[in-house]
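First the structure, in the form of structure tokens, and then the observations on it.
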Amino acid sequence: MPAPIPLSEDENGHIKAVPHQQREGVVTKRTLCQTCDQQCAVVTESIDGQVVRVRSSDNPLFRDHICMKAIASPQTFSHPDRILYPLKRVGERGSGKWERVSWEEAMSDIGTRLNAIIETYGPEAWAVSTSQWNTATDHGLGRRIMNHVGTPNWTSGVAYCAGNTAAINRMTYGWFPLGDFNNTKCILLMGHSPNRHSWTMIYQMLRFAIQRGAKVIVMDPRKSHWAEMADIWLPLKAGSDTAMMFGFLKVIIDEGLYDKAFVKNWTIGFDDLKKRVDEYPLDRVARLTGCDPEMIAKAARMYATEGPSVIPWTPITDMQRNSTSGIRLQSILRAICGHIDVRGGEIFNGPITDFVIEADIEMHEVLPHAQKMKQLGADTHPAFTYRGQAAFTEPLKRIWGRAYVNQNTGCYMANPTEMFRAMCGDGPYPVKAFFALGNNTILSYANGQRIIDGMMNQELVVVQEHAMTPTAQLADYVLPGDSWHERPWLSDAFSWGGFLRGSEQSQEPMGEAKSTWEFWKLVANAIGRPELVPWDNIYDFYDDRLKGMGMTFKEFVAKTDVYFEPAQFRKYEAKGFATPSGKVELRSSVLEDLGFDGLPYFREDPELTEEYPLKMFTGVREDPYFQTAGRQVPDMRKRCPEPRIFVNQKTADEWDVQADEWVELANELATLRMQVEINPSMPDDLVRVPHGWWKPEMEIGHGKLSGAMLHADSLMCRDDPEYMDIEQGIPHLKGIPCRINKITTDATKKEGQADVAEVH
Amino acid sequence: MLPRFIDDFLGKQMIRMATAAARNETMMDRFYRGLFARLLQPPKENDYMTDDIIREDLGYDVEELRQYQNSRPSRFG
């Protein structure tokens, strides 16, 4: 994620690119790819007003920051079935029948119906789910409107991602820092596995760090490519990361390898933490994780003494029943070893000076306290809700001058499971209007069937998308979203990266596609609140945000590829940390005040049953796709044509399945159909399940959802209390009990193979 | 780890060189650009960037792309 962090306090590192020699008839633009969350700097080449090529940046600092998804993007956005015009449902919800309408007609009806729902049920009956990464032009505008209307029920896929990580990091030191990959001496990868075509920028930074000589410790049940090149590989049991970190702490504390001066001066709760850590002697940790205690000790020593070390953000601990404790333990390790806010460690990048950040646009201060407390999940799983983050408003103001900073858009979210329960009518109050923006909701969160039921129970569902996703198929209106080729963009890396970058518009939007920013402006108009979006267009909006820095958006883009301020270290020595105590809270006062254990802990998985003796993990990206997107793109689909589970040969033999065989994967919630891949990197009795599968070429409509009912992992992801984190309410996706069923009848076999349709 | 002042000095030099390399106007800029290109190019046998889809990409032909886009009517209007 990060751009190069300046190594000198005197340099601001404004790097201006010089483009390659122009080809005749080709227009080049410097852009940021928004296919995934990495925002790689790339160049688009257009002929006759259409992007035909995406290539690597001309700036040598961003050499080869590009993956196959960016290269295929001209094909992606030219797909014959791309949604290019507003569509209105015909017949029953989920009928799969649509009629084309104008934007004016759609927005007029949406505004009228939304106002009626708010009038009848209250503003909190309106919920929104979005993927901020690829609807990037939202810029907080949606939340701004929601806050003024009075609904707190906004959530996002970042609830299982860097958003919840940001919110939980705050419990320890008030901020979510970012690793200084350029200067670090040791990297601890916790199951995270960036590669050439996924998390490309981080992949490259990690590789350069290794070439520089940085040590690498990998925790991963699989023998991943990172495990193969690691100094130490800990093949832990899936979902036991939290126990492993207790083992690290046990060694580090017992052997006095922590930064004693920092602990003494800048932390509270060390003695309590030590007592808790003492409950995890290495032999217990070895039993819980399945790893050799000597190797655990060696890795802990390496992390503590070879530093400054970094623990890069990982999606693994974001999706576990011990997620809160796992993320807390990462931050505790960073802190007590003295790796925070130092060069080569974890940097606390604050908001860019004089720049209007997205939290300023969102205006959380206007949402009344009573409405904040109504946020779904606030009573049961409050950690990343307004209630859970309320204690940070004063500290954030003290350190960063703002009461609200919404790092990675994840610090003031409704709990997704509670939101979908309320949509089904099982919540504290009804939710009756649901908007999904660039978010294939049904496939993006646990218990997909509940989400389907919730959507079927709505009075108004609005989706803005590129493709007719399973989620879009249950909407009243499907509105065409623009692509990153078709919009300008200004990114501050979600108030996390400490840098600012601009992206030029490469071509006009196809059909009647509009940006999410324009969508929200139209919503404000439609509900009779045009004053909430006072900017005429997105360029005015960007100019306003940059005004304090003395430049317009166009001047900014012309001036620099990346803008960052000099890195400053040990800032806490002047103002302390953004926690209620002003110190690093090893024992979290915020969690205790919310009624939870202030110290991290580890809950062991329930015993496996005879019926479901295997464990599966999901949430894994496949290189040609980002999350649930891209299955309709021929150049990508041919690289990964079918959903395939990975098992090793021993597990395959035990379950009598062969490579390429279609099988059923089953648990209490669902039975899916997948193809088998024998993969030697997998440990025994563990099944890797691909994330987000549906087949756009298959039959649409409720009950089918383009193959999602056969292949979508979300249908198997449990969200019952046994398999859910307590403080955040995040489901356990790294160790779900399951079984493999052979497909025995010819008819079913044929049905399974009939899914293999040609993709156009 | 190197003493802080050496680390700072080297850091400043690197940023200056990178800035010059990106500017690509003077002879020294081009020298630094070449130097960076060389430094950032791993040995062939260890070139993890190697991937045909990246190396051989020439983009799409605009006519081909438009034919693809109009190859059939949209299923959704």
Side-chain angles (χ1 to χ4, degrees), chain A residues 4 6-11 13-18 45-48 50-56 58-61 63-64 66-68 71-72 74-75 78-85 87 98-100 183 185 196-197 203-204 207-208 211 308 343-344 468 478 510 561 634-635 639 700 760, chain B residues 1-2 4-25 29-30 32-43 46-77:
Chain A
L7 303 172
S8 156
E9 284 76 1
D10 301 329
E11 296 282 352
H14 294 169
I15 310 290
K16 185 174 180 181
V18 175
E45 294 185 354
S46 301
I47 296 175
D48 290 341
Q50 180 158 7
V51 173
V52 294
R53 186 184 182 205
V54 178
R55 61 172 172 79
S56 188
D58 294 316
N59 189 325
L61 291 178
R63 172 182 172 264
D64 279 344
I66 191 166
C67 77
M68 63 169 84
I71 283 174
Q75 189 181 59
S78 300
H79 192 275
D81 286 336
R82 180 175 163 191
I83 307 294
L84 293 177
Y85 303 94
L87 299 174
W98 305 92
E99 65 176 349
R100 184 170 153 182
N183 296 292
K185 310 282 191 213
R196 183 66 191 81
H197 293 286
Y203 173 75
Q204 311 221 33
R207 290 297 304 251
F208 282 127
Q211 284 183 339
R343 175 179 288 131
M468 188 56 78
V478 182
M510 292 184 184
D561 271 354
D635 282 355
R639 288 173 172 258
I700 68 167
H760 295 289
Chain B
M1 192 187 290
L2 291 169
R4 175 68 185 267
F5 72 94
I6 296 179
D7 215 14
D8 271 357
F9 175 77
L10 291 176
K12 279 181 190 174
Q13 298 314 311
M14 284 174 65
I15 286 286
R16 284 188 183 128
M17 286 160 62
T19 307
R23 190 170 54 225
N24 194 26
E25 284 173 1
D29 292 350
R30 283 191 282 279
Y32 288 136
R33 197 172 177 87
L35 188 66
F36 265 88
R38 190 165 177 164
L39 284 174
L40 297 175
Q41 180 68 50
N46 188 29
D47 187 357
Y48 52 89
M49 306 294 184
T50 300
D51 189 317
D52 291 348
I53 197 170
I54 310 284
R55 288 269 178 255
E56 297 171 8
D57 174 56
L58 294 173
Y60 295 87
D61 178 83
V62 67
E63 284 310 316
E64 191 184 26
L65 207 54
R66 284 175 181 162
Q67 277 173 18
Y68 165 69
Q69 191 167 17
N70 300 313
S71 58
R72 59 177 172 76
S74 167
R75 293 162 70 198
F76 310 112

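By convention in this document, chain letters (A, B, ...) are assigned in the order of the sequence lines, proteins followed by strands, and residues within each chain are numbered from 1.
- In this structure, S74(B) and P80(A) have side chains that are not in contact, with every pair of non-hydrogen atoms separated by 4.5 Å or more.
- Using a 4.5 Å cut-off on side-chain heavy atoms (C-beta onward), V52(A) and L65(B) make contact.
- Going from atom CD of Q67(B) over to atom OG of S78(A) covers 12.5 Å, rounded to the nearest 0.5 Å.
- Side-chain contact between Q69(B) and R82(A) is absent, with no heavy-atom pair separated by less than 4.5 Å.
- Ranking M468(A), M510(A), E99(A) against chain B, the residue ahead of the rest is M468(A), based on heavy-atom pairs under 4.5 Å.
- Under the 4.5 Å side-chain criterion, counting only non-hydrogen atoms from C-beta, Y60(B) is not in contact with R53(A).
- Between the CD atom of E63(B) and the CG atom of D48(A) there is a distance of 7.5 Å, given to the nearest 0.5 Å.
- Here CD of Q50(A) is found 5.0 Å from CZ of R66(B). Values are rounded to the nearest 0.5 Å.
- Atoms CZ and CG, on R55(A) and D57(B) in that order, are 10.5 Å from each other to the nearest 0.5 Å.
- At a threshold of 4.5 Å between non-hydrogen side-chain atoms, the residues R100(A) and F76(B) do not count as touching.
- In this structure, chain B has heavy atoms under 4.5 Å from both the backbone and the side chain of I66(A).
- No part of V478(A) comes within reach of chain B, as not one of its non-hydrogen atoms sits under 4.5 angstrom from that chain.
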